[in-house]
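This is a predicted model, so every value here is computed, not measured. Side chains are part of it too, since the values below use all heavy atoms of this structure and drop only hydrogens, waters and symmetry mates. Residue numbers begin at 1 in each chain, while the letters A, B, ... track the order of the sequences.
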Number of protein chains: 2
Amino acid sequence: MRKTSKLSEVAKIAGVSPITASRAIRGVGYVSESARARIMEAAAQLNYTPDMLARRMRGDKSNLIGVFVNNYGSLVLHEVTRAISTEARARGYDILLFNAERFDSPARAGTVDMLSKLCDGLLLVMPNGADGYLDVLEQHRMPCVLVHYDARPVNLPVMALENRNGARMAVEHLLALGHRRIAFLAGTSATGQSAEREKGYKDALRAAGIRADASLIVGGAFNQAAGHAAAQQLLALNRPPTAIFAANDEMAYGAIDAIHSRGMKVPGDISVIGFDDIPLSSHVFPPLTTMRQPLAELAARAVGDVVTMAQGGTVPPERVPFAMELVIRQSTGPAATAGAGQAADSAEPADGNV
Amino acid sequence: MRKTSKLSEVAKIAGVSPITASRAIRGVGYVSESARARIMEAAAQLNYTPDMLARRMRGDKSNLIGVFVNNYGSLVLHEVTRAISTEARARGYDILLFNAERFDSPARAGTVDMLSKLCDGLLLVMPNGADGYLDVLEQHRMPCVLVHYDARPVNLPVMALENRNGARMAVEHLLALGHRRIAFLAGTSATGQSAEREKGYKDALRAAGIRADASLIVGGAFNQAAGHAAAQQLLALNRPPTAIFAANDEMAYGAIDAIHSRGMKVPGDISVIGFDDIPLSSHVFPPLTTMRQPLAELAARAVGDVVTMAQGGTVPPERVPFAMELVIRQSTGPAATAGAGQAADSAEPADGNV
DNA sequence: TTGAAAGCGCTAACAA
DNA sequence: TTGTTAGCGCTTTCAA
């Protein structure tokens, strides 16, 4: 029993031809009761399972949705994937997660190609706008939806956060607290999301009559280490900011660490606001004020759309925007006096987190 | 160019037979220089990529390692997967992540089967000991390694944490701080890990001459919600514990929340220690004391072993143990007085987290 | 140096 | 109701 049994073996035992066995097993077409019984018994005895690879090579459905990502490490990505997975299973599809780093890299080309053949549809999560694979996909008739993408237009359905508007809301929250020197911690440029968030940041400053200060925009990657490094750089300025808007929650964590390790307090000395609202943000210290993304709705729509396409339906290649919501916790507070160079007064850590 | 081009098309353009084209493209066997040149040009022109599905159906390598998991949601799992991914790529393999919930569920059977055919090797992360698929794998000659599994013996290589010993160390830390009423927050029974940790918990108590109190062992799942619920139950006891050992970090977070929302302090009123040391544990409040697992080494060994098997080597079907290390942060402190029913004195929150 | 035949496991289309 | 033929895209004999 070490090797998988094949249809022809089942057929031989049942004393029929392979195609008859195939029919019986799939429950398609005419098969006499007696033959069916014999076949099913033989199949059970041999522990037969159809070879989906072979089926798929013929062009049949696999009921699999490929989720292509560029970075296993990210926590937001983890949340997005989880939401997608839940949604897909609810619709009878399973998820195959593949980390390509870059879909058009020659080393992955074959695999990417194979997986797109294997899967009924594809979800590209946070794809790199510079990735040539996007163009390939436009041309293929492969059902495909982009998620968390806000870069150059692509002729495919795109689920995008309202990055610009959300960022603007975040900065407006800071402005309302009296902050004037507000820094922006930028992420990577890959998906275009960071650039949009930066635009929103500038929108808010402009509307408040504040000139953007180039030295207050730093960053480089959507992770903790980058947030930490960027915050350190900001804290070393002659006139450090009194508030920081991080392009995502993970960067915010890093910034908070950097502030703490300088002996300063959040939000007493510096306020920090993030973006995404991953579940952990209510558990870090201090609980993070951030912009929440409607993860469940976004995943539902994304999966719904690929499934529709996979089943032959049509989905317009439009950008579908999802609104962000401000979640106020305890990492933001009123602006202190002027420059927050030295540890000033400590503020209200408030009560425990839920 | 919408459909993928096939070898026969390349061959036709180059004016050779498919098999010759195949040879040229794979760089195998004799092909005249002129033919080779024509073929390569045709391939480039058609943007040809070999169909790995077809190749694989003939039994060729895919350079893919399938990682089967039961639960996308878990944070530990996320860390494990990330480590595995890094390690695999370093060895020239890519990872295909599949969430089966239960590998032997009839609904997944076909997919699981196909994926095991598709991949050169399999890594089962935190598999369910009750899963019949484990038996199937024993019989297949499929290269396969279990990771984070500590249940019934299986005739396959298993990477296992020193769950029992690690748990004992955790509880000993609590004992050394003067705690006598120590609770255990159990996880799910699926992988056997929780049961082993519970044994270690009892070992430590026994060695300290303390009788285990059944009412102090509660739990049910390896997540925050379960930790929260379990802690609430403990806090409602007539004589609540002064310290809690959670079967993993996520449960510990939940427990800390429950304690906080009762208006009590950690570790002032109750100490909490976790298990795993996921990166976030140094960022929660208070920074979590926990047992660190040697993630990188474990992943390296796991991947190394499947790869060895995939390449024809042999790996003994042994349990490979990995030692845990106590990481003391700020969620554990000296036991207060007797019963910690009411909020007693607040303790040392110490300085900021790194 | 090249190609024809055969087959991986399965099933649609077309007989019988 | 059952079976034969043919083919998905590729590559390993074996022969030319």
A.B. asks: Rounded to the nearest Å, what distance is computed from the CG atom of residue B/D60 to the C1' atom of nucleotide D/dT11?
C.D. replies: 7 Å
A.B. asks: Which part of the nucleic acid, if any, lies within reach of B/V28 when heavy atoms closer than 4.0 Å are counted: base, sugar-phosphate only, or nothing?
C.D. replies: nothing
A.B. asks: Would you indicate, yes or no, if D/dG3 has its OP1 or OP2 atom less than 4.0 angstrom from a side-chain nitrogen or oxygen of A/T20?
C.D. replies: yes
A.B. asks: Using every non-hydrogen atom in the two residues, find where A/L96 and A/C119 come nearest and quote the distance to one decimal.
C.D. replies: CD2-SG, 4.3 Å
A.B. asks: With a 4.0 Å limit, can you tell me whether B/S32 has a side-chain N or O closer than that to the phosphate oxygens OP1/OP2 of C/dT2?
C.D. replies: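 Answer yes for this pair, as a side-chain N or O of B/S32 is under 4.0 Å from OP1 or OP2.
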A.B. asks: Quick one: CG on A/N47 to OG on A/S5, what's the gap to the nearest 0.5 Å?
C.D. replies: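 Going from CG on A/N47 over to OG on A/S5, the span is 6.5 Å.
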A.B. asks: Counting heavy atoms from C-beta on, name the nucleotide in C/dA4, D/dC8, C/dT11 closest to the side chain of B/K6.
C.D. replies: D/dC8
A.B. asks: Using whole Å, what does the distance between atom C1' of nucleotide D/dA16 and atom OH of B/Y30 come to?
C.D. replies: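 In whole Å, D/dA16 C1' and B/Y30 OH are 16 Å from each other.
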A.B. asks: Decide, yes or no, whether a salt bridge links B/E79 with B/R82 under the criterion of side-chain N to carboxylate O below 4.0 Å.
C.D. replies: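 A salt bridge is present here (some side-chain N lies under 4.0 Å from a carboxylate O).
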A.B. asks: Do NZ/NE/NH1/NH2 and the carboxylate oxygens of B/R36 and B/E33 come within less than 4.0 Å?
C.D. replies: yes
A.B. asks: Measure the distance from CG on A/L7 to P on D/dG3 and round it to the nearest whole Å.
C.D. replies: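 So the CG-P distance, A/L7 to D/dG3, works out to 12 Å.
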A.B. asks: Could you tell me which non-hydrogen atom of B/A302 sits nearest to which non-hydrogen atom of B/M159, and how far apart they are?
C.D. replies: CB-CG, 3.7 Å
A.B. asks: How close or far is atom C1' of C/dC10 from atom CZ of A/R56, stated in whole angstroms?
C.D. replies: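 Roughly 14 Å, once rounded to whole Å.
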A.B. asks: Return the value, rounded to whole Å, for the distance between atom CE of A/M114 and atom C1' of D/dC10.
C.D. replies: 15 Å
A.B. asks: Just how far, in rounded Å, is P of D/dC8 from NZ of A/K117?
C.D. replies: 13 Å
A.B. asks: When you check the phosphate oxygens OP1 and OP2 of D/dT11, does a side-chain N or O of B/S22 lie under 4.0 Å from one of them?
C.D. replies: yes
A.B. asks: Report yes if at least one side-chain N or O of B/Y48 is closer than 4.0 Å to OP1 or OP2 of D/dC10; otherwise report no.
C.D. replies: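 It does, given that an N or O in the side chain of B/Y48 lies less than 4.0 Å from OP1 or OP2 of D/dC10.
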A.B. asks: Across the strands shown, which category fits A/V16 at heavy-atom distances under 4.0 angstrom: base, sugar-phosphate, nothing?
C.D. replies: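 Contact class for A/V16: sugar-phosphate only.
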A.B. asks: Rounded to whole angstroms, how far apart are NZ on B/K12 and P on D/dG9?
C.D. replies: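 Nearest whole value for this atom pair: 13 Å.
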A.B. asks: Rounded to whole angstroms, how far apart are CZ on B/R58 and C1' on D/dT11?
C.D. replies: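 About 4 Å, once rounded to whole Å.
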A.B. asks: Using a heavy-atom cut-off of 4.0 Å across all strands, would you classify B/R55 as base, sugar-phosphate, or nothing?
C.D. replies: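 Sugar-phosphate only.
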A.B. asks: What nucleotide, of C/dG3, D/dG9, C/dT2, holds the atom closest to the side chain of B/I19?
C.D. replies: C/dG3
A.B. asks: Counting any heavy atom closer than 4.0 Å, what does A/R23 reach on the DNA or RNA strands: base, sugar-phosphate only, or nothing?
C.D. replies: base
A.B. asks: For A/R26 and C/dA12, is the shortest distance between a side-chain N/O and OP1 or OP2 below 4.0 Å?
C.D. replies: yes
A.B. asks: From the list C/dA12, C/dG3, C/dC8, which nucleotide is the closest neighbour of the side chain of B/M57?
C.D. replies: C/dC8
